[in-house]
Amino acid sequence: MRRLGSVQQKIPCVFLTEVRNEPSRKRDCQQFQVVATENVNPAALESDIHCAVATEKIDGTCCYVTTYKGEPYLWARLDQKPTKQADKRFKKHQYLQKTCKGFVWNVDEDFREVPESWIAAHRVQHENGHPVPDEHGHIPGWVPVDHTNKQYCWHASVVNYDSAVALVLKTHGEDEGLLEIVSIPLVDLIEQTLELIGTNVNGNPYGLGSKKYPVHVLVPHGVLRIWNPPPVDFQQLYSWFQECQEGRVEGIVWHCDDGTLIKIHRHHLGLKWPVGDSFLNTRPVVVHVDEKPDPDASEKDLFKSFSSINRKLFSCIQDIQFEP
């Protein structure tokens, strides 16, 4: 399968959307709901979405592998966000106008400080040397994951910079129905984006690990292909999410031939997420991690833990537990 596009910015919905005056199903503090209409987004049609590769949208936090100080490094997503006052003005405009368009930012004063190591995501526009916010009022970007920063401790748990490797969940090379957790050189992931999932990420919708023995892995974007996707039609997509086992996912991301990414989220269709028995937890998974254990490593070190169950097959990723 060809290497698919990386996620560097907010991905547009496959349908045109509208704002409704009702509490968001996705964000507890948001008093409006963005929902899909039945009209296909012209951007999706321009990118020939009907010929695109449909993949499972994974519910975690976005990461990126690129160089830092000359070495391949894992980076965490960090959007530069507006100050409280600027955000209040932006949300008022959004509420009154039912759109984000037309709002004018003061790029020099309206945004919070970011770490010195922060970089803007690809394709972020710049004006007068400053990155410009997207339609959601954010400037997408990245910060390098350092083991000394507790804020990114779960990101740090899936990389070993001494060995320059990362823990990755992907489809098995010889069997698309089988998943595998492998240790992959960071250099082989360079310029890819991935989703960090696990015990302490986004409420753990896949039920991984436990509080005492958390489990986290990286999932490359586009790696979980949907083999029988529904047509790009509102009612058929709605039925697929409701009735098909393969539809028990957070959403779909289409990878178009021109590099454009298009998505649909269950919330766009008014459907609940997370759901019990997600499709990810219907697939068997084998562990192929055989790292030399660091004698000083904690009992909770993920590379040590996965190496202890190397070559073992599980009925699903949720069944991988490291309780003694």
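- Listed by chain and number, the residues in a side chain to side chain contact (heavy atoms under 4.5 Å, CB included) with P144 are Y68, Y73, W75, S117 (sequence neighbours excluded).
- When the salt bridge (Lys or Arg N to Asp or Glu O under 4.0 Å) test is applied to E18, the partners found at least two apart in sequence or on another chain are R20.
- Every residue two or more places apart in sequence or in another chain that forms a side chain to side chain contact (heavy atoms under 4.5 Å, CB included) with Q236 is listed here: P231, D233.
- Residue pairs meeting the side chain to side chain donor-acceptor pair (under 3.5 Å) criterion with at least one partner in residues 155-166, sequence neighbours excluded, are absent.
- Checked against side chain to side chain contact (heavy atoms under 4.5 Å, CB included), N228 has the following partners two or more places apart in sequence or in another chain: E246.
- P82 meets the side chain to side chain contact (heavy atoms under 4.5 Å, CB included) test with A86, D87, W105, F111, H138; sequence neighbours excluded.
- Every residue two or more places apart in sequence or in another chain was checked for a salt bridge (Lys or Arg N to Asp or Glu O under 4.0 Å) with R283, and none qualifies.
- Evaluation of the ring-ring contact (aromatic ring centres under 6.0 Å, His included) test over residues 188-216, restricted to residues two or more places apart or in two chains, returns W154-H216.
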Considering only distance and modelled atom types, tabulate donor-acceptor pairs under 3.5 Å from the side chains of residues 306-313, sequence neighbours left out.
from : atom 1 : to   : atom 2 : distance (Å)
S307 : OG     : E291 : N      : 3.0
S307 : OG     : E291 : O      : 3.4
S307 : OG     : F303 : O      : 2.7
S308 : OG     : S305 : O      : 2.5
N310 : OD1    : V289 : N      : 3.0

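- Evaluation of the salt bridge (Lys or Arg N to Asp or Glu O under 4.0 Å) rule for R248 yields no partner, not counting sequence neighbours.
- Applying the salt bridge (Lys or Arg N to Asp or Glu O under 4.0 Å) test to pairs two or more places apart or on separate chains, those with a residue in residues 107-125 are R89-D110.
- A search for salt bridge (Lys or Arg N to Asp or Glu O under 4.0 Å) contacts involving D134 returns nothing, not counting sequence neighbours.
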